[in-house]
Structure formats: C-alpha cells, structure tokens
S.K.: 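Dropping the structure in here first, questions after.
Within every chain, numbering begins at 1; the chains are lettered A, B, ... in the order of the sequence lines, protein sequences first and strands thereafter.
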Amino acid sequence: MAPPVIGIEQNKLLLNNFAEDLISWHKKNGRHNLPWQIKISPYKVWISEIMLQQTQVKTVLPYYKEFLIKYPNIKSLSNSKLDDLLELWTGLGYYRRAENIYKTSQILKNKYNYIFPKKYEDILDLPGIGKSTAGAILSIAYNKKYPILDGNVKRVIKRYFAIKGINDNENNLWNISESLLPANNNNIFTQSIMDLGALVCVKKNPLCNECPLNKKCKSLKLKLTDKIPEKKQKLVKKHVNLYLLLIQKYESEKFVLMKKNPSDGIWANLWNLPSFNGVNEYKKFLLSNNISGTSSQYDYIEHNLSHLKLKIDIIKVELKKCTEVDNYCWKNIYDKIGSSKPIMMIIDKLKREQK
DNA sequence: AACACGTGGAG
DNA sequence: TCTCCAAGTGT
C-alpha cells in the first residue's frame, strides 16, 4: 500500500511565498549567534554539521568550541592524529564521525590542497558526508541551491503537507525539500527552515500561532499537528552482557591494562579495558596470560545505546607481581584518551578513590 | 532495506 | 524513571 503522495502540482498554492515567509520570520526569530554562524566558512559548516548529526545543539556547543580552538582550519586539522580527534570526541558519541573527519582531512590535504571542494559530487564523496550534510555545506557556505533533509526539515514538510506514514518516502521528501528552495538566499533559507523546525515546529506542542506558515499548513488545518509526523514503532533493544577487567599495574595503581578497540563495531578505535562476553571467556584470558590474583566485583553499569542495552560487570583483579600482556598496554589513567562513556566512568571512579 | 552506530536533552 | 529522538551516514 503506497503512502499518500503529495502531488507537488496540486500543492503549488502551498509553495507560494513559502521561502519568503520563512526567511522574513527568520530575520527576527532565528538563531544568528551560534559559533558556526560567525564568519561562516565551508570548514566551519562541515565540522558543525558532522557534530550535529543526531546530536542536539546544546550538546555540540562545547565540543565544537574546543575543536575550533585546536583545529582552526583545514591545514591544522590535517596534521592531527585520529587518536587526538577521538580524545576530543569522547562523550559525544557516534565516534565514526571523528574517524570520517580524520579521513576527510587527509583527502582535503592530498587531493584538494587544503581547499574545501565546491562541487556537489566531490563533497558527497567525502567520508561522513551524505546528501543532507552536502546540501547544508553547499547552501549555507556557498549559497548554492541545494536542499537538505534533516529531522527538522522532515518534520516541517510532513506537517505542512500533512504527509502521513512512518516509512519515509525519502525520494518524495527530497523532491519536496528541493521544490521549496528559493531562487536566491539559499544560505539563509536553509538556516530558516532548520530554525523553524528547531524552535517552532517542534515535535511536541508546536507553537503554531507563532509559525510564519500557519496560514497554509495542511496539518494545522486538519488538526493533525500532534499526529504528524507519525511515530515510528520502537525497536526492542537486545540485552548484552559484558565483562570488563580492571587490572592495575603491580608497580603503580595509576596504570591500567587497556587495549584499543578494533576499527569496526561499537566504540571503534577507542581505548577499552579487557572486554569479554562471558565469565568463561575472561577466565580463559587470565589463565592463558598467566595472570593470577584475587578477582572481585568492582562495579556494575547498565549502559543504553540506541540499539543495545549493555549490562556491564567490572571485575577487579588484584595482581601480585609484575605482568605484561600481549596486545595490551598499561595506560596512565591521568592521561587523556579517547574512550567510551562506561570506560570514562570507571576511570573517574578510580581517580576519586585514589585521592 | 533494515540495521549499526552513542549520548544526553526534554517531557 | 521511562521514553522518544536529535542539523544522518555507511553498509
């Protein structure tokens, strides 16, 4: 059963003045002082757009500021190491984004001579940049006529045209987003439609009486604003048991046995404690590495990811002698490292106890 | 075409 | 506390 398609032809009336109304609203009511909006450059738009993927503005702000201080431009970024980026990214989540920024920085250095490309295809080719981020860079930084389709724009479009269905007819939404673009001022327009979604056309209790589009908004007319967009059915999280071993160096409790995660899976490339899926697995690890010592439950953490519920037992092993373990190393807990939230929590607890 | 990928804001 | 989901992308 096909979702109800909004014929753009039939809704031409709805498109009249759409962009103009939005832009004039934005002038007085939009956000104009976010750090990536000051002295706009493709570099700033790129970094901010990556950070803002599935992440709220408030959360991004401190990370973005630190990033721009450490890496004010493409050249300085291209001299960074992935580990440095991951350390900065720690706590922000979706760590693949940091890896993709790193990869892109190397491409900008080697292929584009430190100059951010201007062609849609070139930009879309860069790791971590999809259609929406490419559209944002092209419109906001270069004032070119390209659409975006982020959460805000989806919500505005679905409400304005009263589009039902949870199965985003993506192509149709992209077409509609493109059809809304004005002839000029696409930089401002993109900001405007995002701001409308973020400030007025919010998901719960939208402020329709303040909306510049309320005269023609179809779902407002049909009293459907609280039903559109329709809720997706929630996914059932898989429960996963995890055992992390907390092993401090015999000579100094400042050092903890750690290993960097592989470059796929959760927390890719981040530092991790010895991690196992079962008791037998970690006991086998201790045995095969000739690690003896009393083991005891140190902590228990439940950590929710968007798709998993992690139940993490932290087992502390008290060493009785000096030890080295293949593929692991002793990390100073006072060094800054890229790590996941649970690892951060464990290290923080350790530091508190050592004081 | 679903699913993996993190964390925290907000009600 | 619980639930939803945020300036999405890659596979």
Side-chain angles (χ1 to χ4, degrees), chain A residues 30-31 34-37 44-64 86 89-101 103-104 123-141 146-156 166-171 173-174 177 189-199 201-206 226 229-238 240 261-270 301-310 312 338-345:
Chain A
R31 297 171 290 188
L34 295 169
W36 44 88
Q37 296 174 326
K44 289 182 186 175
V45 178
W46 166 45
I47 299 301
S48 63
E49 285 298 325
I50 300 293
M51 285 190 171
L52 287 161
Q53 287 168 4
Q54 303 288 282
T55 312
Q56 297 184 356
V57 170
K58 189 176 180 181
T59 306
V60 164
L61 281 172
Y63 288 89
Y64 177 85
L86 287 170
W89 213 269
T90 290
L92 192 55
Y94 284 140
Y95 298 93
R96 212 65 47 105
R97 295 182 292 179
E99 191 182 356
N100 285 330
I101 283 180
K103 287 180 181 167
T104 291
I123 295 175
L124 195 58
D125 262 350
L126 297 169
I129 299 183
K131 283 167 75 175
S132 207
T133 301
I137 293 170
L138 282 159
S139 58
I140 297 172
Y146 283 87
I148 61 169
L149 189 60
D150 61 1
N152 288 317
V153 176
K154 278 185 191 173
R155 191 167 54 252
V156 170
I166 47 169
N167 200 346
D168 291 355
N169 187 343
E170 290 288 349
N171 286 329
L173 293 185
W174 273 106
S177 180
F189 176 76
T190 293
Q191 284 294 348
S192 304
I193 193 165
M194 282 196 291
D195 281 4
L196 188 78
L199 303 174
C201 197
V202 292
K203 55 176 183 285
K204 271 189 183 173
N205 306 319
D226 57 336
E230 289 183 355
K231 304 243 189 288
K232 312 177 180 144
Q233 67 178 39
K234 70 166 187 177
L235 60 85
V236 185
K237 284 184 188 176
K238 231 191 330 185
V240 175
N261 280 331
S263 53
D264 57 346
I266 60 171
W267 301 318
N269 304 304
L270 298 177
I301 299 173
E302 288 196 347
H303 187 76
N304 282 291
L305 291 80
S306 46
H307 58 302
L308 295 175
K309 186 186 186 78
L310 264 28
I312 308 172
S339 67
S340 64
K341 190 72 188 170
I343 298 298
M344 271 202 301
M345 290 172 64

S.K.: How is Gly197(A) classified with respect to the nucleic acid when contacts are heavy atoms under 4.0 Å: base, sugar-phosphate, or nothing?
M.R.: nothing
S.K.: Check every atom of dG6(B), dT9(C), dT7(B) against the side chain of Thr133(A) and return the nucleotide holding the closest atom.
M.R.: dT9(C)
S.K.: Could you tell me how far apart Lys154(A) (NZ) and dA6(C) (P) are, to the nearest whole angstrom?
M.R.: 9 Å
S.K.: Between Gly128(A) and Asp150(A), which is nearer to the 5' end of DNA chain C once each is assigned its nearest nucleotide?
M.R.: Asp150(A)
S.K.: Taking only the P atom of each, what is the distance from dT9(C) to dG8(B) in whole angstrom?
M.R.: 22 Å
S.K.: Does Trp267(A) place a side-chain N or O at less than 4.0 Å from the phosphate oxygens OP1/OP2 of dT7(B)?
M.R.: yes
S.K.: Tell me: NE2 of His307(A) to P of dA6(C), nearest whole Å?
M.R.: 18 Å
S.K.: Classify the ring geometry of His303(A) against Trp267(A): parallel below 30°, tilted from 30° to 60°, perpendicular beyond 60°.
M.R.: tilted
S.K.: Of all the choices, dG11(B), dA6(C), dC5(B), which nucleotide is nearest to the side chain of Gln56(A) once you look at every atom?
M.R.: dA6(C)
S.K.: Just the rounded figure in Å: distance from P of dA2(B) to NZ of Lys238(A).
M.R.: 18 Å
S.K.: Once you apply a heavy-atom cut-off of 4.0 Å, does Trp89(A) come out as touching a base, just sugar-phosphate, or nothing?
M.R.: nothing
S.K.: Remember a base hit wins even if backbone is also touched, and classify Asn205(A) as base, sugar-phosphate or nothing at under 4.0 Å, heavy atoms.
M.R.: nothing
S.K.: Please report the distance, rounded to the nearest Å, between CD in Glu99(A) and C1' in dC5(B).
M.R.: 12 Å
S.K.: When all nucleic acid strands are considered with a 4.0 Å heavy-atom cut-off, which category describes Arg155(A): base, sugar-phosphate, or nothing?
M.R.: sugar-phosphate
S.K.: Calculate the interatomic distance between Asn261(A) atom CG and dC5(B) atom C1'; express it in whole Å.
M.R.: 13 Å
S.K.: Ile193(A) CD1 to dA7(C) C1': how many Å, rounded?
M.R.: 12 Å
S.K.: Between Glu49(A) and Ile129(A), which is nearer to the 5' end of DNA chain C once each is assigned its nearest nucleotide?
M.R.: Glu49(A)
S.K.: Which nucleotide, dG8(B), dG10(C), dG8(C), lies nearest any side-chain atom of Thr59(A)?
M.R.: dG8(B)
S.K.: Which listed nucleotide (dA10(B), dA7(C), dG6(B)) is nearest to the side chain of Lys58(A)?
M.R.: dA10(B)
S.K.: Thr55(A) has a side chain; which of dT7(B), dG6(B), dC4(C) sits nearest to it?
M.R.: dG6(B)
S.K.: Just how far, in rounded Å, is C1' of dG11(B) from NZ of Lys203(A)?
M.R.: 9 Å
S.K.: Among dA7(C), dT9(C), dT7(B), which is the nearest nucleotide to the side chain of Ser132(A)?
M.R.: dT9(C)
S.K.: Listed by chain and number, what are the salt bridge (Lys or Arg N to Asp or Glu O under 4.0 Å) partners of Lys309(A), not counting sequence neighbours?
M.R.: Glu302(A)
S.K.: Starting from C1' on dA6(C), measure out to NZ on Lys231(A) and report it in whole angstrom.
M.R.: 14 Å
S.K.: With a non-hydrogen cut-off below 4.0 angstrom, is Ile266(A) in contact with a base, only sugar-phosphate, or nothing?
M.R.: sugar-phosphate
S.K.: Restricting to non-hydrogen atoms, name the atom on Ser177(A) and the atom on Ile148(A) that form the minimum distance, rounded to 0.1 Å.
M.R.: OG-O, 2.6 Å
S.K.: Give Leu270(A) one of three labels, base, sugar-phosphate or nothing, depending on what nucleic acid heavy atoms sit under 4.0 Å from its own.
M.R.: nothing
S.K.: Taking all non-hydrogen atoms of both residues into account, name the closest pair between Ile137(A) and Val45(A) and its distance.
M.R.: CA-CG1, 3.8 Å
S.K.: Keeping the roles fixed (side chain from Arg96(A), backbone from Ala268(A)), state whether a donor-acceptor pair exists under 3.5 Å.
M.R.: no
S.K.: With ring centroids as reference points, do Tyr63(A) and Trp89(A) lie under 6.0 angstrom apart?
M.R.: no
S.K.: If the P atom of dA7(C) is compared with that of dG11(B), how far apart are they to the nearest Å?
M.R.: 14 Å
